[in-house]
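Here is the structure we will look at.
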Amino acid sequence: MTTKIFRVSDISEGAAEISQAAEIIKRGGTVAIPTETVYGLGANGLDEQAVKRIFTAKGRPQDNPLILHVADESWIKRYCEDVPQEAYLLTRHFWPGPLTIILKRRSIVPSVTTAGLPTVGMRCPKHPITNALIKAADVPIAAPSANISGRPSTTSFAHVLQDMDGKIDAIIDGGDCVVGLESTIIDLTEKPPRLLRPGGVTLEELRRVLDEIEVDEALLRSMPDGEKPKAPGMKYRHYAPRAQVTVVCGYPERAAQYIRERVSDRTGVLCFDEYAFMFDKGNTRTFGRSTDLKAQAERLFDALRSFDDSDVTEIYAQCPSDEGLGLAIANRLKKAAGFRIVDLGRD
Ligand code: TXA
Ligand code: MG
């Protein structure tokens, strides 16, 4: 299949492209869409056949549900029931933005979209093009991250082209994703609400709005065989470059020293900017200063992907602490490593 490319540099002049892309969605096609977190691989979330095309293009396991992307909070009641007050408290603070809320689904949402679950993830992305597209299509857009299943998520048009060219109907080039990590997922069908995936909205920010939030265990450790995590996607190896990753936690100086003692000429190093001088340039990638979590989030997936263009056979990565956005960055790194972690401590 030939993948059509839409370049919408200026939203006010992009009306024609947006309506063409909306037509593809309405016809049951697949369109990669820019969001503030990562690119999504979108299709009409109410159309079973369209949703199946998403699973096929990604090579995604059928038991992993999709998030529905909507234009604003007024769409929630179209697709969800028994919506608790907390939902609107959260949408008022964080929508549009990188927060997905899990609610009880209405039967209008097909079971393939939610992989048979009685719940559905709802998110209102903050990207003018995608917002306009959802409104123009007037259907909720189901979209997982627009990467081949298992690979790091896509945060630029070039990444999407790498993974999806020839497999989907269209890609909208909306520039680089500003957050760079996926949305935070909170399950509001549980009491107290449960954090299933850390992301662009931090746990600290959520706790300023909701009194009590539980943190799902699956987020902190690897899942033993046979155990079922609440967010089915949490059980898969994810975000992973080809080479085996080892995550080194603890004081950055200590971690850098530990890595330096172990590198060979086939070792990739992912480190904070200020430690790059300790390593051979060729196989080293930086992702921001140790204190700059925003930069780390934005650059992480691009750095992980770029190792696949080199011939490294193992990768060591420095890891931030769990504060603020650090929780989400560390979570993606640990998953990319299949929870192969060395913790050197911070005291
Ligand atoms: O930022 C994002 O959330 C991006 C952009 C494209 O919006 N989307 C994204 O989708 O990250 P995906 O499919 O790559 O990750 C969605 C995660 C998966 O781990 C899935 O298992 C979980 O959300 N999930 C989806 N629906 C769920 C539900 N009803 N209950 C529990 N977990 C759910
Ligand atoms: Mg994903």
Side-chain angles (χ1 to χ4, degrees), residues 1-6 8 17-35 37-81 83 96 100-125 127 129-149 154 160 163-172 174 182-183 185 231-233:
M1 142 186 339
T2 309
T3 300
K4 197 169 168 48
I5 309 295
F6 293 110
V8 192
E17 284 90 344
I18 288 170
S19 54
Q20 283 177 50
E23 277 312 310
I24 298 178
I25 294 280
K26 285 197 264 191
R27 278 206 321 263
T30 43
V31 180
I33 53 174
T35 86
T37 58
V38 300
Y39 272 80
L41 171 42
N44 178 357
L46 302 182
D47 177 341
E48 232 172 83
Q49 293 310 317
V51 168
K52 283 185 181 156
R53 290 188 188 105
I54 296 178
F55 283 91
T56 308
K58 264 190 81 113
R60 180 173 175 110
Q62 298 283 340
D63 67 350
N64 198 358
L66 306 179
I67 294 170
L68 284 186
H69 296 69
V70 295
D72 60 54
E73 70 283 344
S74 72
W75 288 37
I76 291 178
K77 52 183 181 300
R78 301 191 195 173
Y79 312 114
C80 304
E81 56 193 14
V83 180
T100 296
I101 54 181
I102 305 286
L103 295 166
K104 194 168 163 206
R105 80 167 152 102
R106 285 189 189 277
S107 55
I108 184 179
V109 181
S111 152
V112 275
T113 303
T114 67
L117 292 177
T119 57
V120 61
M122 302 290 290
R123 161 158 146 74
C124 176
H127 194 296
I129 296 173
T130 291
N131 257 67
L133 175 68
I134 297 168
K135 284 186 190 136
D138 200 29
V139 293
I141 297 190
S145 48
N147 51 282
I148 294 169
S149 230
T154 48
V160 181
D163 278 21
M164 291 298 153
D165 194 19
K167 296 182 187 154
I168 59 178
D169 294 300
I171 303 174
I172 301 179
E182 300 85 347
S183 62
I185 304 180

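Residue numbers count from 1 along this sequence.
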Derivation of the side chain to side chain contact (heavy atoms under 4.5 Å, CB included) call for Phe6 and Ile129: CA-CA 11 Å; Phe6 293 110; Ile129 296 173; over 6 Å; no
Taking atom [atom1] of [X] and atom [atom2] of [Y], what is their separation to the nearest 0.5 Å?
X	Y	atom1	atom2	answer
Glu17	Lys4	CD	NZ	8.5 Å
Arg27	Asn44	CZ	CG	12.5 Å
Leu133	Gln20	CG	CD	12.0 Å
Asn131	Ile18	CG	CD1	10.0 Å

Among Leu68, Thr37, Ile67, Val120, whose side chain to side chain contact (heavy atoms under 4.5 Å, CB included) with Thr100 holds?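 The side chain to side chain contact (heavy atoms under 4.5 Å, CB included) with Thr100 is passed solely by Ile67 among Leu68, Thr37, Ile67, Val120.
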Partner of Leu41 by side chain to side chain contact (heavy atoms under 4.5 Å, CB included), out of Ile171, Thr154, Ile54, Asn147: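 Passing option: Ile54.
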Minimum-distance pair of heavy atoms, taken over all atoms of [X] and [Y]:
X	Y	value
Arg53	Gly28	NH1-O, 2.6 Å
Ile33	Ala143	CD1-CB, 4.2 Å
Ala142	Thr113	CB-CG2, 4.3 Å
Ala71	Cys124	O-SG, 3.3 Å
Cys80	Arg106	O-NE, 3.2 Å
Thr30	Ala43	CG2-CB, 4.3 Å

Side-chain heavy atoms of [X] within contact of [Y], under 4.5 Å:
X	Y	value
Ile102	Ile185	yes
Ile172	Pro34	yes
Tyr39	Thr130	no
Lys58	Ser145	yes
Ser111	Arg105	yes
Ile101	Ile76	yes
Leu66	Arg60	yes

Going through the checks in order, is the side chain to side chain contact (heavy atoms under 4.5 Å, CB included) test met by Val70 and Tyr79? CA-CA 10 Å; Val70 295; Tyr79 312 114; 4.2 Å; yes
Under a plain distance cut-off of 3.5 Å, with no hydrogens placed, do Thr35 and Arg123 share a side-chain donor-acceptor pair?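 Short answer, yes.
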In sequence, state the C-alpha distance, the side-chain angles, and the governing distance for Ile148 and Lys167, and then conclude on side chain to side chain contact (heavy atoms under 4.5 Å, CB included). CA-CA 10 Å; Ile148 294 169; Lys167 296 182 187 154; 3.5 Å; yes
Would you please test Lys77 and Val83 for side chain to side chain contact (heavy atoms under 4.5 Å, CB included) and show each step? CA-CA 8 Å; Lys77 52 183 181 300; Val83 180; 5.6 Å; no
